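A quick write-up on the structure given underneath.
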Amino acid sequence: MRIPVIAGNWKMYKTIREAVDLVKGIQYALPFPGEAEVVVGPPFSALLPVIDACRDSYIGVAAQNMHWEDEGAFTGEVSGAFLKDMGCEYVIIGHSERRQYFAETDDAVNRKVASAMKHGLIPIVCIGETLSERENEKTFEVIERQLGGGLPALDPEDAKKLIVAYEPVWAIGTGKTATPDQAEEVHAFIREFLSNLFDANTADSIRILYGGSVKPDNAADLLCLPNIDGALVGGASLKVDSFAGIIGAARLGG
Ligand code: PGA
C-alpha cells in the first residue's frame, strides 16, 4: 500500500511572510490531510520559517535543490547536511528547470540523491522528456537514461524511500497535462525499470508522482491510476484552494 504524496514546488515564488501565510492557510483549510502525505517546497530563503510553521502539523517540507558535498568552497550552494540541520525532510532533485537552466546532469543528480540518502532526506527525483523527445518517440529512452544515470546504488531499505516524479517537460507550466493513459503508460514503465534496477518488492514501495499542470479538476483522473502515487504541483500549489483541492483528490482517488 503506497501512501499518495502531494508535493508543492513553489519554485522562486513567495517571500517569507507569503510562504508562512500559505502553509498556515493550508492547515486551516484542511485540518486533516486524509490519506495523503503532504509536502511543500519553498525557496531556500523561506525554508526555516516554513519548517517552524509546520512543526506539529502533517505538512513536510522539501528544499528544491542541494549540493552533494557536505561542505566546502562552493559559493552559493547549500548542502544536504545543512538542510537536515534546518529540519528539512525532503529534497527535490533534478527538476527539469535545473537541468534546462543550470545544466544539471544525471551525474549530478546521482551524487545529490546519494548525499540526500546519507543525510536521511527523502529525494524527490524528477525525470521527463521534452516535447521534441516525445514527438520523436524517445520518451522511454530518456526515462531510462535519466533513471539509470541519476540513481546511485542504494540498499533496498533506502531505495524504498525514494520518490520519483515523472514530469513531461512539455506539460510543466503550460496548461497541457499528459492524458491519464499517457501518464500511466510511462509510470508503469518507470516501475518496471525500478523493478529491474532494484527488485520487484522495492519497486512496489517507491512512490511515483506525476507532475505537469496538475490542477484540482484534472487531479482525480490521474491520481486514481494504479501506478500514479501522487503529484508534484507547481502553479496550483501557490494558492490554498487549488492545493487543498488536489490533496482532496488524492484522498478520493489514491
Ligand atoms: P506546474 O509545475 O504544475 O506549474 O506545471 C510542475 C513542476 O514544475 O513541478
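In what follows, every heavy atom counts, from backbone to side chain, and hydrogens, waters and symmetry copies are set aside. Counting starts at 1 for both ligands and their atoms, in listed order. On a predicted model such as this, the values are computed, not experimentally measured, just so you know.
Checked by distance only, ligand 1 and Lys11 come closer than 3.5 Å through their nitrogen or oxygen atoms. Geometrically, ligand 1 and Glu167 share a nitrogen or oxygen pair separated by less than 3.5 Å. Checked against a 3.5 angstrom limit, the closest N/O atoms of Ile172 and ligand 1 fall outside it.
Ligand 1 does not have Gly211 within reach: every non-hydrogen atom of the residue lies 4.0 Å or more from it. Taking 4.0 Å as the cut-off, Ala236 does not count as a neighbour of ligand 1 on heavy-atom distance.
The residues Asp107 and Arg111 are annotated as salt-bridged, a charged nitrogen and a carboxylate oxygen being separated by less than 4.0 angstrom. Using a cut-off of 4.0 Å between Lys/Arg side-chain N and Asp/Glu carboxylate O, Asp204 and Arg2 are scored as salt-bridged.
For the atom pair Leu121 CG and Glu89 CD, the distance stands at 9.0 Å (nearest 0.5 Å). The structure places CD1 of Ile206 at 10.5 Å from CD1 of Ile163, a figure rounded to the nearest 0.5 Å. Atom CG of Asp158 and atom NZ of Lys118 lie 12.5 Å apart (nearest 0.5 Å). Considering CD1 of Ile51 and CE of Met86, their distance stands at 6.0 Å, rounded to 0.5 Å. The structure places NZ of Lys138 at 10.0 Å from CZ of Arg145, a figure rounded to the nearest 0.5 Å.
Under a 4.0 Å criterion applied to the non-hydrogen atoms of Ser213, ligand 1 contributes the atoms 1 (P), 3 (O), 5 (O). Close contacts of ligand 1 with His95, meaning ligand atoms under 4.0 Å from a residue heavy atom, involve 7 (C), 8 (O), 9 (O). Counting atoms of ligand 1 from 1 in the listed order, those under 4.0 Å from a heavy atom of Leu232 are 9 (O). The ligand atoms of ligand 1 that sit less than 4.0 angstrom from a heavy atom of Gly212 are 5 (O). Those atoms of ligand 1 that come under 4.0 Å of a heavy atom in Gly173, given as number and element, are 1 (P), 4 (O), 5 (O).
Between atom 3 (O) of ligand 1 and the options Gly128, Gly234, Ala171, the minimum heavy-atom separation is to Gly234.
Looking only at protein heavy atoms, the nearest one to atom 4 (O) of ligand 1 is Gly235 N, 2.8 Å.
The one candidate from Glu184, His187, Glu185 that meets the side-chain hydrogen bond (donor to acceptor under 3.5 Å, both in side chains) condition with Asn227 is Glu184.
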